[in-house]
Amino acid sequence: MIQCPNCGVETEENAIFCSLCGEPLLDIITDNKTFIRSGKQRREEKRLTEYQQLTGRQKRIIFWQISGLILISAIIITLLIDFIGNQSITWSRYPATVCFVLFVNFTLNTFLHKKIILAGGLSFLSAAGLFMLFDVYAGGTAWEIKLGIPIILAAYLTVFLLIFFIRKAKQKWLNIIAYSMIAAGVLCICIEGIVSVYARGSMLFGWSLVVMVSFLFVSLPLFYIHYRLKKATDLKRFFHI
């Protein structure tokens, strides 16, 4: 008697298929390694759900379709509520514009996943357009040119540099945390400098330097530990997560 690897039912030794679930049993009684491997692969595919068997691009398209349906529905519902209540489009312009920009960014991430520079540039333009539309809604104070767009540009450049250094790193471990902390400190300095120029007309730094120094005190030991260890390992494996 042999036991079915799928359902556990005992069958005759010369059985080709399981009498209960129909699982092929030749991989148990044969010495053909190719057939054995194919049998294991078939059982593994059966255990996977249909979603798990999809490729990364197919999963991103499904996420894009679902998020698009939700965001477009939110835009339509918000505009209808505002129009019915006020007989015009007033406050709903803000959430509708945000939803539209989010949909644009989801679209870029879905179809330009491998073209990071192009996707990032178009994403920055969409964010800059969002600030400009908000300024138009508010009556045209031109604050987005002096404050909003520079901050968004600094954030995008910081993220691009962070991605660049992470991709260039041969071993990704504690150095990823250190890079991220330094990038956050640099972004804080950029934000304070831009805000001080907008508010006071001169570039002054205070709290951002404190944040940057604090991050450096944490990130430098992380770099030291990362590069001094003989064998860099995955964080999950190291901490047994």
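Positions are given from 1, in the same order as the sequence printed here.
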OG1 (T107) and CG (L102) are apart, to the nearest 0.5 Å, by 10.5 Å

Side chain to side chain donor-acceptor pair (under 3.5 Å) with S92: which of N86, T97, D82? D82

Atom pair CG (L71) and CD1 (I76), whose distance is rounded to the nearest 0.5 Å: 11.5 Å

Between the CD atom in E192 and the CG atom in L209, the distance rounded to the nearest 0.5 Å is 6.5 Å

If you round to the nearest 0.5 Å, how far is CG of L161 from CG of L187? 11.0 Å

How many angstroms lie between CG in L130 and OH in Y94, if you round to the nearest 0.5 Å? 11.0 Å

Is there any ring pair (Phe, Tyr, Trp, His ring centres under 6.0 Å) pair reaching into residues 190-214, and which pairs are they, with sequence neighbours excluded? none

S219 (side chain) donor-acceptor with A178 (main chain) under 3.5 angstrom: no

Does Y137 reach the side chain of F134, with side-chain heavy atoms less than 4.5 Å apart? yes

Compute the centroid of each ring, for F164 and then for Y179, and state whether the two points are separated by less than 6.0 Å. no

Just how far is it from atom CG of L147 to atom CD1 of I191, taken to the nearest 0.5 Å? 10.0 Å

Any donor-acceptor pair under 3.5 Å linking the side chain of R93 with the backbone of T90? yes

Is the ring pair F124/Y156 parallel, tilted or perpendicular, if the boundaries are 30 and 60 degrees? perpendicular

Could you check whether any side-chain N or O of S123 sits under 3.5 Å from a backbone N or O of A119, counting only pairs where one atom can act as donor and the other as acceptor? no

